[in-house]
> 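Sharing a structure here in structure tokens format.
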Amino acid sequence: MSYKKHSIKMNEDGQLSFVEISQTLSDLPLLKTPEWVLVEDEKSLYKIAEEISSCKVIGVDIETTGLDPHLDKVRLLQIASSNNFVYIIDMYKVNDLVALKDVFISNKPVKIMHNAIFEQKFLKYQYQLDFGTIYDTMLANKLIYNGLQKRNSLQEVIKDELGLFLDKSLQASMWKSKNLDNMQLDYAAKDAAVLITLREKQIKKIQKYKLTEVAKIEFECTKATAEMEYNGMAVDIASLETEKVKFEQLLKELQKDLIKYFGKININSHQQVAKALASKGIYPESTSEKSLKKYIDKHSEIKVFIDYKSLNKIYSSTLESLNKNIHPKTKRVHSSYNQFGAASGRMSCYDPNLQNVPRGEIRRIFKAPEGRKLIIADYSQIELRIIAEISKDETLIKAFNQNKDIHNITASVVTKKDMNDLTKDDRQKAKAVNFGLVYGMGTRGLVRYASNSFNVDMSMPEAEDIYHEFFKNYKGIKAWHEKVKNNSDDIPFIETLSGRKRFYQDEKRFYSELFNTPVQGTGADILKLALIYLFNRFNNSSTKLVNSVHDEIIIECNETSAKEVREIVVKEMIRAGKKYIKSIPIVVDATLSDTWAGK
DNA sequence: TCAGAGTGCGCC
DNA sequence: AAACGGCGCACGCTGA
């Protein structure tokens with residue numbers, strides 16, 4: 001097996017450097033096989049529980065017959081009490097893990113796992129094991145190298161951190177068979193034992209970069225993320241089907257019209273559409289909606305095309321992928337989350353992505369079952385509040401403390417109008433200004449952004465004036481920008497209020513990125529903290545975390561207790577926000593509803 | 001034939 | 001010198 005050309009290494013002092021990798025993986029020294037014993041009865045588990053309860057840490061790993069906790073079975077549970085001794089529990093022989101309940105829920109020993117979400121989904125929901133303190137070597141690796149090109153599989157991490165070769169060729173092998181051979185058991189044992197050594201190596205780096213606090217958040221949050229994945233969101237299958245049919249008919253009609261205009265081309269091909277447009281004397285910069293918009297008045301078919309594209313987007317991206325991902329057993333959608341998926345620290349979501357479902361009626365498809373309700377709770381203007389906190393901008397802080405509308409304030413400042421004379425258009429413009437300028441947008445960008453995202457026309461001189469007035473008013477933001485800019489060349493990383501880092505090696509440091517990452521990332525820190533609080537509050541009750549979208553948490557609960565639950569959700573989310581936002585209030589809006597579309 | 005880069009667009 | 005950021009997904013196209 002040959003390997004990629006270079007990788008990033010961190011030496012003992014925590015310095016980062018690029019290293020050429022010329023050797024093949026299998027040239028590396030082999031990770032040695034620990035001692036192990038095979039456990040095949042429940043009674044032994046009590047002895048094991050007592051044994052490991054005196055450990056500071058244990059490595060925990062499972063082998064399963066597949067990846068789906070609703071369908072697949074745990075084949076083996078490996079518990080490493082040291083880096084050289086592993087209990088391998090045969091889950092085809094052992095029926096329950098009651099004996100391990102106390103030692104797992106305890107904070108000691110710390111349970112080390114590589115991707116703890118996976119283990120929890122099986123062990124908590126199939127064997128009712130709750131976890132105390134967790135250490136996740138995969139999340140740790142992401143925290144230590146965030147921003148740099150790194151892979152996070154156990155094999156890669158072992159290679160980079162320990163310089164050892166972990167053979168994963170048995171990873172997907174025959175775990176269904178009744179009897180396992182010693183090769184398989186060796187493999188299973190190695191995976192658990194190495195976690196202990198790996199953690200020791202990682203801990204030094206976590207301390208060096210002061211990542212302890214954010215690591216704690218990430219590790220704890222795996223409990224909530226596992227729950228969201230396991231629970232999934234309820235879908236109203238009938239209305240999904242209705243919507244699908246509706247879209248199919250609509251798309252077919254539009255398609256017919258477009259063929260009439262363009263000729264027999266593939267409408268989904270940008271190239272072919274561009275060519276067809278050119279033959280009619282239309283030369284847009286691209287076939288994107290924004291470049292086509294200006295031709296709508298003269299060519300009504302362009303409007304049809306834009307409508308088609310946007311409907312087709314919803315159809316294929318939302319309706320079809322939703323349909324594809326309805327779970328055969330639970331009839332819900334169980335998305336996967338990449339808990340630390342974005343460089344900022346945000347989660348990402350896939351299969352299906354529930355973080356880009358269009359707003360509005362289409363969200364009615366997500367409907368709580370009979371007798372249940374959804375609570376849709378989101379932080380109000382969290383990013384602007386974080387900006388106020390980080391920049392210490394006095395105008396912003398004062399406005400939030402007086403519960404004023406920030407967009408209106410900006411509108412009044414840049415239009416030089418009295419607050420009472422503002423039009424809807426002024427406020428739209430101010431939104432573009434606020435979101436654009438705080439993250440380092442220039443005047444030219446502002447004109448484009450205002451037009452594209454907020455449908456507001458702005459001339460260049462007007463944009464220049466607005467830029468000037470904006471920073472005259474928000475002096476703290478200006479100063480914060482200057483400070484970040486002045487240090488931008490030297491800094492090895494930018495960080496959030498929890499200490500989460502985004503590292504830079506040879507990468508270009510974009511100002512916009514340096515402004516945005518601490519803000520977006522602190523938002524993620526707060527959201528994850530809120531998920532932790534809510535998990536702890538509702539764990540093992542009928543109230544379930546089912547989704548979260550950057551500044552929003554969705555909970556499903558019994559109708560009978562919905563109002564009380566809502567109060568708790570708001571309170572806990574505010575408590576999480578207050579951990580990092582000290583100078584202004586945190587506001588959470590929570591809607592009680594049957595569907596995700598809200599009231 | 002198929003992986004991967006590119007385009008475009010939904011969300012926050 | 002100038003730059004708003006962060007995702008995932010569908011699609012057609014490219015090149016090995």
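A, B, ... follow the sequence lines: proteins, then strands. Residue 1 opens every chain. Side chains included, hydrogens not; waters and symmetry mates left out as well; all remaining heavy atoms used.
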> Any cation-pi pair here, A:K501 with A:Y209, using under 6.0 Å and within 45°?
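Judged by the rule (NZ or CZ under 6.0 Å from the ring centre, within 45° of its axis), A:K501 is not positioned above A:Y209.
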> Using a heavy-atom cut-off of 4.0 Å across all strands, would you classify A:E383 as base, sugar-phosphate, or nothing?
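Counting heavy atoms under 4.0 Å across all strands, no contact is made by A:E383.
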> I'd like the C1' distance from C:dA2 over to B:dG10, given in whole Å.
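It works out to 28 Å between them.
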> Measure distances between side-chain N and O atoms of A:N353 and base N and O atoms of C:dG8, and say whether any donor-acceptor pair falls under 3.5 Å.
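Result: no qualifying N/O pair found.
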> Taking for each residue the nucleotide of DNA chain C with the nearest heavy atom, is it A:R509 or A:E513 whose nucleotide lies nearer the 5' end?
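That would be A:R509.
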> Does C:dG8 have its OP1 or OP2 closer than 4.0 Å to a side-chain nitrogen or oxygen of A:S348?
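So the side-chain polar atoms of A:S348 do come within 4.0 Å of the phosphate oxygens OP1 or OP2 of C:dG8, strictly under.
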> Under the 3.5 Å rule, do the base of B:dC11 and the side chain of A:R359 count as making a donor-acceptor pair?
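By the distance-only test, no, there is no pair.
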> Taking only side-chain nitrogens and oxygens of A:R444, does any of them come within less than 4.0 Å of OP1 or OP2 of C:dA3?
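For C:dA3, OP1/OP2 do have a side-chain N/O of A:R444 under 4.0 Å.
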> Which part of the nucleic acid, if any, lies within reach of A:Y449 when heavy atoms closer than 4.0 Å are counted: base, sugar-phosphate only, or nothing?
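Here A:Y449 touches the bases of the nucleic acid.
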> Decide whether a cation-pi geometry holds between A:R500 and A:F340; the criteria are a distance under 6.0 Å from NZ or CZ to the six-membered ring centre and an angle within 45° of the ring axis.
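A:R500 over A:F340 ring: yes.
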> What nucleotide among C:dG5, C:dC9, B:dG8 has an atom nearest to a side-chain atom of A:S317?
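Between C:dG5, C:dC9, B:dG8, the one nearest the side chain of A:S317 would be C:dC9.
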> Report yes if at least one side-chain N or O of A:N266 is closer than 4.0 Å to OP1 or OP2 of C:dG12; otherwise report no.
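Yes, such a contact exists.
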> Using a cut-off of 4.0 Å on non-hydrogen atoms, how would the nucleic acid contact of A:E320 be classed: base, sugar-phosphate, or nothing?
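It contacts nothing in the nucleic acid.
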> Can you check whether A:T287 has a side-chain N or O nearer than 4.0 Å to OP1 or OP2 of B:dT7?
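Checking B:dT7 against A:T287, no side-chain N or O comes under 4.0 Å of OP1 or OP2.
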> It should be established whether A:Q272 places a side-chain nitrogen or oxygen under 4.0 Å from OP1 or OP2 of nucleotide C:dC13.
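True: A:Q272 side-chain N/O within range (under 4.0 Å) of C:dC13 OP1/OP2.
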